[in-house]
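In what follows, chains carry the letters A, B, and so on, assigned in the order in which the sequence lines appear, proteins first and then strands, with residues in each chain numbered from 1.
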Amino acid sequence: MLQLAFIRENKETVLAGLQKRNFANAPDVVEQLLTLDQQRRDTQRELDDVLSQSNAKASQIGALMKSGDKTAAEAAKAETAELKVRSKDLAESLRQIEVELQNVLVTVPNIPHSSVPPGRSADDNEVVLENGAKPTLYDGAQPHWELIKKYGPDGGPLIDFELGVKISGAGFPVYRGKGARLQRAMINFFLDEALKAGYAEVQPPIVVNEDSGFGTGQLPDKEGQMYYVTEDKLYMIPTAEVPITNLYRDVILPEGQLPVKNVGYTPCFRREAGSWGAHVRGLNRLHQFDKVEIVRIEKPENSYAALEEMSQYVQGLLQKLELPYRVLRLCGGDMGFTSALTYDMEVWSAAQQRWLEVSSVSNFETYQANRLKLRSKIDRGDGPGKMQLLHTLNGSALALPRILASILENNQTPDGIRIPKVLVPYCGFDVIN
RNA sequence: AGAGAGAUGGCAGAGUGGUCGAUUGCGUCGGUCUUGAAAACCGAAGACUGUAACAGGUCCGGGGGUUCGAAUCCCUCUCUCUCUGCCA
């Protein structure tokens, strides 16, 4: 959520930013916000004034009662009637204005960083770099959804989609044998790497309440993308970003604790309503998948350096896994609602001849922190530390299914699938055959 | 799931209608003392809003009500704790 004071003072920046995102009727919305904001402040001031008078009267009455002057007290009471009516009316209009203001404000996305390219869709994303050689596969190489049929235990598939359908439904695969072990190996590998890089491990709940959904920006508006347990009003998390970032909701962090670096593994759940069709076969898009997520909380002046560091970190993982990848800087039209700058990492899937997104690393600046009320008193050496919103960042490091798809496809040979060296100590085998 | 108790500032814990944003203790920060530290003593310190700056306003789990006036009374919701039951 943007801060009203920021919109007030940087109207042109806000307008330009929203236009970069192709946000509809940006000028109207900004005008509306500024008008409501002015109304809110005027009403607030008037209400404060009335309350101030009431307070004065009340203590006057208190004093009169104490001195035993009943008549004067009663007379003073009579004078409060009008104030009371006025304060009720003003409080009611203030409430309405605030509701309206909030309703508009939550529809406004974050302002893109200056380096974000303009554009409407994924086609306009900027390829920052490409790394690693795309493998040439042998004749008869197959996409992963075919490959998995060859190598499972007891003649079954390595990843059983049909069995998942029986248990749960489409998009909930069952990993078996070496498929399951490889999953577990990747989780441990990713967590260990993050620990080495200074991230502190957390294991958060995987269902969250509405306040948490609001804090990171999933709610309101994206209810349709999350599974919801109506009985308990809990949402199943679409990413560990939600519970981990919300650990710091309503928190004033001591400056000395910054930066915060957390890592957590969780399953993630996405309804993916309406997104079924071509390009979503096999592991490409699931309702449930595993992901290791890194979350950082930074002082504003450090957040972009942190973002670059996170990008480098994720790239390092992909290099260790020996996967060809590219890094995209998302354009204004393709960026998430809450982000100011996002890098997507995509790995090459050799049999599908496609890039698959396996990580998204974003800086949200104060957009989430404002919703979360995540702040710190930062000492700038010019008097007492000033309270300010912190910057939040997160990134996948990494999402498992597409990494697995890519390993299976890229490393296939007529004799089996080669496991990347770094994972061998974790899974205990070096080939699936 | 049943019964009871409770929710107050970083923590503990007073306050049951009138200068209460809130006694006190611990913790924190600054100072005195000390070679240094500890102890002791003195002092400082909430958040939000608002203003050029003052002032003013709001906040004692959330919401609503009674009253001139609510941390304090009433209703309601949520959560926590204790006991009983069940259970990975």
#### Entry: A:Lys377: salt bridge (charged side-chain N to carboxylate O under 4.0 Å, His left out) partners, not counting sequence neighbours
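Here no residue qualifies.
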Strictly by Watson-Crick or wobble contacts shorter than 3.5 Å, is anything paired with [N], and which nucleotide is it?
{"N": "B:G43", "value": "B:C29"}
{"N": "B:A53", "value": "none"}
{"N": "B:A70", "value": "none"}
{"N": "B:U80", "value": "B:A5"}
{"N": "B:U23", "value": "none"}

Hey, are [X] and [Y] close enough for a salt bridge, meaning a charged N less than 4.0 Å from a carboxylate O?
{"X": "A:Glu201", "Y": "A:Lys261", "answer": "no"}
{"X": "A:Glu79", "Y": "A:Lys57", "answer": "yes"}
{"X": "A:Asp48", "Y": "A:Arg45", "answer": "no"}

Donor-acceptor pair, side chain of [X] and main chain of [Y], under 3.5 angstrom:
{"X": "A:Thr245", "Y": "A:Val242", "answer": "no"}
{"X": "A:Glu409", "Y": "A:His144", "answer": "yes"}
{"X": "A:Asp334", "Y": "A:Arg120", "answer": "no"}

Please report the distance separating the [atom1] of [N] from the corresponding atom of [M], rounded so that it comes out in whole Å.
{"N": "B:C60", "M": "B:G15", "atom1": "C1'", "result": "11 Å"}
{"N": "B:A12", "M": "B:U23", "atom1": "C1'", "result": "14 Å"}
{"N": "B:G27", "M": "B:A44", "atom1": "C1'", "result": "15 Å"}
{"N": "B:G13", "M": "B:G25", "atom1": "C1'", "result": "8 Å"}
{"N": "B:A7", "M": "B:U76", "atom1": "C1'", "result": "16 Å"}
{"N": "B:U72", "M": "B:G17", "atom1": "P", "result": "11 Å"}
{"N": "B:C42", "M": "B:U78", "atom1": "P", "result": "48 Å"}
{"N": "B:G50", "M": "B:C59", "atom1": "C1'", "result": "15 Å"}

### Task
Check the pair A:Arg281 / A:Asn284 against side-chain hydrogen bond (donor to acceptor under 3.5 Å, both in side chains), numbers first and verdict last.
CA-CA 6 Å; A:Arg281 290 193 70 176; A:Asn284 290 353; over 6 Å; no
### Message
With side-chain contact (heavy atoms from CB on, under 4.5 Å) as the test, pick out the partner of A:Arg21 among A:Val116, A:Asn110, A:Val108.
### Response
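In the set A:Val116, A:Asn110, A:Val108, the residue that makes a side-chain contact (heavy atoms from CB on, under 4.5 Å) with A:Arg21 is A:Asn110.
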### Message
Counting the atoms with a prime plus P, OP1 and OP2 as sugar-phosphate, which does A:Met387 contact under 4.0 Å by heavy atoms, base, sugar-phosphate, or nothing?
### Response
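The answer is sugar-phosphate, as A:Met387 gets under 4.0 Å only of primed atoms, P, OP1 or OP2.
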### Query
Checking all strands, does A:Lys233 fall into the base, sugar-phosphate, or nothing category for heavy-atom contacts under 4.0 angstrom?
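No contact.
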At a heavy-atom distance below 4.0 Å, what parts of [range] sit against RNA chain B?
{"range": "residues 72-84 of chain A", "result": "A:Lys77, A:Thr80, A:Lys84"}
{"range": "residues 50-62 of chain A", "result": "A:Leu51, A:Ser52, A:Asn55, A:Ala58, A:Ile61, A:Gly62"}
{"range": "residues 366-375 of chain A", "result": "A:Arg375"}

### Task
Check step by step if side-chain contact (heavy atoms from CB on, under 4.5 Å) holds for A:Val361 and A:Asp344.
CA-CA 6 Å; A:Val361 184; A:Asp344 271 8; over 6 Å; no
### Message
Pick the closest RNA chain B nucleotide for A:Met65 and for A:Lys88 by heavy atoms, then say which residue is nearer the 5' end.
### Response
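The residue mapped nearer the 5' terminus is A:Met65.
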### 5′-ward residue of the pair A:Arg40/A:Arg95 relative to RNA chain B
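Taking each residue's closest nucleotide, the earlier one in sequence belongs to A:Arg40.
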### Message
Using the rule side chain to side chain donor-acceptor pair (under 3.5 Å), only one of A:Glu308, A:Glu309, A:Gln315 pairs with A:Ser311; which is it?
### Response
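The side chain to side chain donor-acceptor pair (under 3.5 Å) with A:Ser311 is passed solely by A:Gln315 among A:Glu308, A:Glu309, A:Gln315.
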### Ring centers of A:His113, A:Tyr304 separated by less than 6.0 Å
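For A:His113 and A:Tyr304, the ring centres are under 6.0 Å apart.
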### Query
A:Phe172 vs A:His287 aromatic rings, parallel, tilted or perpendicular, using cut-offs 30° and 60°?
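Ring orientation of A:Phe172 relative to A:His287: tilted.
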#### Entry: Candidate pair A:Tyr175 and A:Arg184, rule side-chain hydrogen bond (donor to acceptor under 3.5 Å, both in side chains), full reasoning
CA-CA 10 Å; A:Tyr175 301 85; A:Arg184 181 158 56 88; over 6 Å; no
#### Entry: Nucleotide interval of RNA chain B bounded by contacts with chain A (heavy-atom cut-off, under 4.0 Å)
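Nucleotide range in contact with chain A: B:G18 to B:G69.
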Expected list for residues 28-36 of chain A: side-chain donor-acceptor pairs under 3.5 angstrom, two or more places apart:
{"residue": "A:Glu31", "atom": "OE2", "partner": "A:Lys11", "partner atom": "NZ", "Å": "2.7"}
{"residue": "A:Thr35", "atom": "OG1", "partner": "A:Glu31", "partner atom": "O", "Å": "2.8"}

